[in-house]
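See below for the structure under consideration.
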Amino acid sequence: MSATANVCVVIPAAGLGERLGLNQPKAFVEINNWSLLSLTIKRVLEIERVGHLIIAVPAEFKTPALDHIDRALRDANKKIPFDVVSGGVTRTESVKNSLLALDQLDSFVLVHDAARPFVPQSVFDDVIAKLDSGSKVVIPVIPVADTIKTVNEKSEVLNTLDRTQLRAVQTPQGFAREVLSEIYATANLQPTTDDAGLAELAGINVSTVAGAVESFKITTPFDLEMATNFMNRK
Ligand code: C5P
């Protein structure tokens with residue numbers, strides 16, 4: 001693949017954010033007057049190779065989403081084509097719907113959660129570099145700090161996993177377009193918590209690059225507080 005292969009970023013932003021408890025979809029929650037969606041798009045627009053965006057939002061938020069996208073594009077002083085699609089009940093469905101808007105020119109597709117607005121540019125660069133060098137699926141990972149145990153339905157410990165082999169998985173997850181389209185085209189698509197999970201199920205090799213602690217996913221009210229502090233620190 002040429003070093004100038006066009007990159008499309010798919011942003012699943014259709015989650016309801018129930019664990020945040022703010023009665024609005026998480027991507028539209030604001031920090032310092034910026035929605036998570038706008039912040040994430042601004043970050044993505046810093047990546048020069050990105051030439052197309054596909055954003056999945058709850059169906060009734062397709063029109064309001066346009067303002068959030070427009071604000072990020074104006075702030076970044078960029079004009080690139082974008083599509084806004086209706087998300088699904090699961091993240092997997094939201095990504096599947098997004099893939100219908102892919103263009104033949106999109107050689108690589110990076111799927112990046114709207115809920116991770118602080119991902120460093122270097123993580124995008126490393127994922128793209130690995131795709132350039134021929135990997136078909138690339139994910140950012142970080143070592144796990146806590147000890148991880150499995151438990152049964154009564155919350156009793158079953159066993160302890162070997163921490164040296166465990167990694168926490170982040171986004172952006174990068175794919176050669178045909179591979180991503182193929183794994184999502186499977187009939188009886190199983191909802192997975194990340195996109196590479198479908199590649200694993202299909203027996204496709206998944207490569208890793210170093211993720212970053214700043215890429216933490218905003219899920220709970222505490223995460224939002226951390227995100228606000230993190231943003232104000234800069
Ligand atoms: O729920 P969770 O935090 O794991 O969601 C990760 C990302 O997937 C978020 O950006 C969220 O908006 C998105 N999502 C989606 N459609 C869903 C559920 C989650 O686009 N049905």
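When a ligand or atom number is given, it counts from 1 through the structure's own listing order.
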- atom 20 (O) of ligand 1: of Ala14, Pro58, Pro191, the nearest heavy atom sits on Ala14
- Message: For atom 16 (N) of ligand 1, what is the closest protein heavy atom, and at what distance to 0.1 Å?
- Response: Ser94 OG, 2.7 Å
- Item | Atoms of ligand 1, numbered as shown, that sit under 4.0 Å from any heavy atom of Val89 | 21 (N)
- Those atoms of ligand 1 less than 4.0 Å from some heavy atom in Thr90: 16 (N), 17 (C), 21 (N)
- Do Phe108 and Phe175 have ring centroids that are under 6.0 Å from one another? no
- Would you mind telling me if ligand 1 is within reach of the side chain of Thr193, the backbone, both or neither, using heavy atoms under 4.0 Å? neither
- Is Glu46 salt-bridged to Arg43, cutoff N-O under 4.0 Å? yes
- Should the proximity of Lys26 to ligand 1, defined as any heavy atom under 4.0 Å, be assigned to the side chain, the backbone, both, or neither? side chain
- Item | Mutual orientation of the aromatic rings belonging to His68 and Phe28 [parallel < 30°, tilted 30-60°, perpendicular > 60°] | perpendicular
- Message: Salt bridge check, Arg91 against Asp113: does any charged N sit closer than 4.0 Å to a carboxylate O?
- Response: yes
- Task: Measure the distance from atom 1 (O) of ligand 1 to every protein heavy atom, then report the residue, atom name and distance (to 0.1 Å) of the closest one.
- Result: Arg19 NH2, 3.2 Å
- Message: Please confirm whether the ring centroid of Phe82 lies under 6.0 Å from the ring centroid of His52.
- Response: no
- Using a strict cut-off of less than 4.0 Å between a Lys/Arg side-chain nitrogen and an Asp/Glu carboxylate oxygen, indicate whether Arg49 and Asp132 qualify as a salt bridge. yes
- Task: In sequence, state the C-alpha distance, the side-chain angles, and the governing distance for Ser107 and Asn6, and then conclude on side chain to side chain donor-acceptor pair (under 3.5 Å).
- Result: CA-CA 5 Å; Ser107 302; Asn6 204 25; over 6 Å; no
- Nearest protein heavy atom with distance in Å, relative to atom 4 (O) of ligand 1: Lys217 NZ, 2.7 Å
- Note on the structure: of all protein heavy atoms, closest to atom 13 (C) of ligand 1 is Pro12 O, 3.4 Å
- Task: If the plane angle is over 60° it's perpendicular, under 30° parallel, otherwise tilted; pick one for Phe216 and Phe118.
- Result: tilted
- Task: Could you tell me the residue and atom name of the protein heavy atom closest to atom 7 (C) of ligand 1, and the distance to it rounded to 0.1 Å?
- Result: Asp113 OD1, 3.3 Å
- Task: For ligand 1, indicate whether the residue Ile11 contacts it via side chain, backbone, both or neither (heavy-atom separation under 4.0 Å).
- Result: neither
- Determine, considering heavy atoms only, which of Gly17, Gly88, Ala13, Gly15 sits nearest to atom 18 (C) of ligand 1. Gly15
- Query: By number and element, which atoms of ligand 1 are closer than 4.0 Å to a non-hydrogen atom of Ala115?
  - Reply: 10 (O)
- Salt bridge flag under 4.0 Å for residues Asp126 and Lys130: no
